Amino acid sequence: MNGITISKWLLTRLDAVFDEDAGWKPWEELRFVQDGEPCVWERAFGIGKIIICRGILGPSLVHNWDTMPTIKYIIKRASSSCREKVYPITGSTYTFVIPVQVEKGSLWAIFAPNKSNKYEQYITIKAPKGTYKDLWSGNEIKVSSHGEVTIATKSGIILLWTEEKVSN
């Protein structure tokens, strides 16, 4: 990133060919070491954007935890225009939140990968005051007025749902 090698993608990379008139733009700071080509490209689409990462994210993360800072950077930058009301405060350094569009209410998928998966872990999140349900465990979660709650999870997965529509 910015000229410093911070991780390696596993397997292969997408050999993307873009139409010059389609509005694709590379992210300047993420480049392949071998040839300096951009790792990530994006373009506007309606009110959002399409982002293509030319590295194989999933397998790279599963087999090489050193890729986590790069993947977190990509997710954080890709979602910067929609800073969520729910985000991790403590837990695994690899904890991240993905907002999920649902027909009713609001849902966030919280992932806290744990290398051993043997022990229960505690994740503290920031969320609007209210009552939520963890659809993964079935537990009810109450968030007080200060907006923080600590949730125990052995799987490292929390699907935090509320009937209320929470907007940014």
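What you are looking at is a predicted structure, and each value in this text was computed from that prediction instead of being measured. Starting from 1, each residue takes its place in the sequence as its number.
- Going from atom CG of Leu160 over to atom CD1 of Ile141 covers 5.5 Å, rounded to the nearest 0.5 Å.
- The nearest pair of heavy atoms linking Pro88 to Thr95 is CB-CG2, 3.5 Å.
- Among residues two or more places apart in sequence or in another chain, the ring pair (Phe, Tyr, Trp, His ring centres under 6.0 Å) test is passed with Trp24 by Phe18.
- The structure places CZ of Arg43 at 9.0 Å from CG of Asp19, a figure rounded to the nearest 0.5 Å.
- Proximity of a side-chain donor or acceptor of Glu42 to a complementary backbone N or O of Lys49 within less than 3.5 Å is not detected.
- What you find for Gly36 and Arg31 is that their closest heavy atoms are O-CD, 2.9 Å.
- Between the side chain of Arg54 and the backbone N or O of Leu14 there is at least one donor-acceptor pair closer than 3.5 Å.
- Connection of Val40 to Phe32 is established within a shared hydrophobic cluster, with ILVMFWY side chains joined at heavy-atom distances below 4.5 Å, either directly or through further cluster members.
- To the nearest 0.5 angstrom, Tyr73 atom OH is 6.0 Å from Leu30 atom CG.
- Applying the 6.0 Å contact sphere to CD of Glu37 captures more than 12 heavy atoms from other residues, nucleotides or ligands.
- The number of heavy atoms from other shown groups lying within 6.0 Å of CD (Glu163) does not exceed 12.
- Once rounded to the nearest 0.5 Å, the distance linking CD1 of Ile157 with CG of Leu135 reads 12.5 Å.
- Note that CD of Glu103 is 9.0 Å distant from NZ of Lys165, once rounded to the nearest 0.5 Å.
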Run the side chain to side chain contact (heavy atoms under 4.5 Å, CB included) check on Thr153 and Trp136 step by step: do they pass? CA-CA 10 Å; Thr153 175; Trp136 189 260; 5.5 Å; no

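- Listed for the Ser106 side chain is no donor-acceptor partner under 3.5 Å among the backbone atoms of Thr162.
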Set out, in order, the CA-CA distance, both residues' side-chain angles and the distance that settles side chain to side chain contact (heavy atoms under 4.5 Å, CB included) for Ile125 and Ile158, then state yes or no. CA-CA 11 Å; Ile125 61 168; Ile158 300 166; 5.7 Å; no

Please assess Trp27 against Ile74 for the test side chain to side chain contact (heavy atoms under 4.5 Å, CB included), listing each intermediate value before the final yes or no. CA-CA 10 Å; Trp27 287 10; Ile74 291 169; 4.2 Å; yes

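- Ile56 and Ile52 fall into different hydrophobic clusters, defined by Ile, Leu, Val, Met, Phe, Trp and Tyr side-chain heavy atoms under 4.5 Å apart, directly or through other members.
- Looking at heavy atoms from C-beta onward, Leu159 lies in side-chain contact with Asp134 at the 4.5 angstrom threshold.
- One distance of note links CD of Glu140 with NZ of Lys133; it measures 8.5 Å at 0.5 Å rounding.
- Across Val149 and Lys142, no two heavy atoms sit closer than the pair CG2-O, 3.6 Å.
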Applying side chain to side chain contact (heavy atoms under 4.5 Å, CB included), run through Trp41 and Ile51 and close with a yes or a no. CA-CA 6 Å; Trp41 289 77; Ile51 298 172; over 6 Å; no

